[in-house]
Amino acid sequence: MTLSTAYWCVLIAAVLPYLWVAVAKGGGERYNNRDPRGWLARQDNPRVHRANGAQLNSYEAFAPFAAGVVLAQISGVPADRIALLAVAFVVLRVLHGIFYIADKHALRSLCWFAAFACVLALLAQAALAASA
């Protein structure tokens with residue numbers, strides 16, 4: 001795998017929140033774009049709220065992941081290692097969103113933790129490579 005693979009993963013991770021918000025908006029009653037937050041608050045379907053939660057969590061996870069990829073590259077971490085961690089992160093984040101929406105909380109948390117470990121690995125390897 002190459003850095004190009006890792007960069008594609010950054011793009012996918014940047015788009016994931018919009019996938020989950022599309023699920024949220026598509027699962028509710030007559031989406032109102034004039035008042036999206038008010039519309040969300042009025043929804044009774046728990047799946048809509050879980051999809052919104054997946055969206056918000058995806059936004060939160062994106063910045064540390066993107067920074068980890070960039071810092072690892074700048075620090076000289078091998079490209080195949082960066083790409084492997086990036087692919088693992090994206091796969092885990094997709095599963096996280098699926099499990100979040102499906103209300104599989106234990107699997108969701110496991111995926112969250114594993115994806116977070118990928119980010120920590122990217123950042124730690126960047127720090128180690130920079131100090132060498």
Side-chain angles (χ1 to χ4, degrees):
M1 286 190 271
T2 66
L3 276 176
S4 175
T5 302
Y7 293 163
W8 282 109
C9 288
V10 171
L11 175 63
I12 293 166
V15 173
L16 271 179
Y18 301 100
L19 171 65
W20 306 134
V21 77
V23 171
K25 291 176 180 178
E29 295 180 21
R30 294 184 296 164
Y31 175 70
N32 179 356
N33 197 43
R34 291 182 187 265
D35 183 21
R37 293 183 182 165
W39 173 85
L40 181 65
R42 291 187 296 275
Q43 297 307 299
D44 293 329
N45 185 344
R47 185 173 182 263
V48 169
H49 292 281
R50 289 192 303 270
N52 185 60
Q55 171 206 203
L56 295 174
N57 193 271
S58 290
Y59 281 125
E60 294 164 359
F62 176 72
F65 167 65
V69 169
V70 171
L71 290 173
Q73 185 223 348
I74 290 170
S75 299
V77 174
D80 58 339
R81 194 176 312 156
I82 297 169
L84 178 65
L85 287 166
V87 168
F89 175 86
V90 167
V91 169
L92 289 162
R93 291 302 304 182
V94 168
L95 290 172
H96 172 269
I98 290 168
F99 292 142
Y100 206 138
I101 293 167
D103 200 20
K104 304 291 184 190
H105 58 90
L107 292 172
R108 177 194 83 211
S109 294
L110 181 64
C111 288
W112 180 92
F113 181 77
F116 185 61
C118 291
V119 170
L120 291 178
L122 284 165
L123 293 169
Q125 288 183 42
L128 290 170
S131 67

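This is a predicted model, so every value here is computed, not measured.
Residues Trp20 and Ile98 have side chains in contact (heavy-atom distance under 4.5 Å, counting atoms from C-beta outward). In this structure, Arg47 and Asp103 have side chains that are not in contact, with every pair of non-hydrogen atoms separated by 4.5 Å or more. Here the side chains of Trp8 and Thr5 are not in contact, with every heavy-atom distance at 4.5 Å or above. Using a 4.5 Å heavy-atom cutoff, the side chains of Cys111 and Phe99 are in contact. Residues Cys9 and Phe65 form a side-chain contact, since some pair of their non-hydrogen atoms from C-beta on lies under 4.5 Å apart.
There is no path of hydrophobic side-chain contacts, each under 4.5 Å, that joins Trp112 to Phe89.
Between His96 and Tyr100, the angle of the ring planes goes over 60°, which puts this pair in the perpendicular group of the 30/60° scheme. The aromatic rings of Tyr18 and Tyr59 sit perpendicular to each other, their planes meeting at more than 60°, with 30° as the lower class boundary.
Formation of a donor-acceptor pair under 3.5 Å by the Thr2 side chain with backbone atoms of Ser4 is found in this model. Side-chain atoms of Gln43 come within 3.5 Å of backbone N or O of Trp39 as a donor-acceptor pair.
Considering only residues two or more places apart in sequence or on other chains, Asp44 meets the salt bridge (charged side-chain N to carboxylate O under 4.0 Å, His left out) condition with none of them.
When every heavy atom of Met1 is checked against every heavy atom of Ala83, the shortest pair comes out as CB-CB, 3.5 Å.
Atom CZ of Phe62 has more than 12 heavy atoms from other residues, nucleotides or ligands within 6.0 Å.
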Quiz: residues 123-132 side-chain donor-acceptor pairs under 3.5 angstrom, not counting sequence neighbours:
{"residue": "Gln125", "atom": "OE1", "partner": "Arg81", "partner atom": "NH1", "Å": "3.1"}
{"residue": "Ser131", "atom": "OG", "partner": "Ala127", "partner atom": "O", "Å": "3.3"}
{"residue": "Ser131", "atom": "OG", "partner": "Leu128", "partner atom": "O", "Å": "2.9"}

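Annotation: the span from Leu3 atom CG to Ile82 atom CD1 amounts to 5.0 Å, rounded to 0.5 Å. Distance check: Leu56 CG to His49 NE2 gives 12.0 Å after rounding to the nearest 0.5 Å.
By the 4.5 Å side-chain criterion applied to Ile, Leu, Val, Met, Phe, Trp and Tyr, Leu92 is assigned to no cluster and stands alone.
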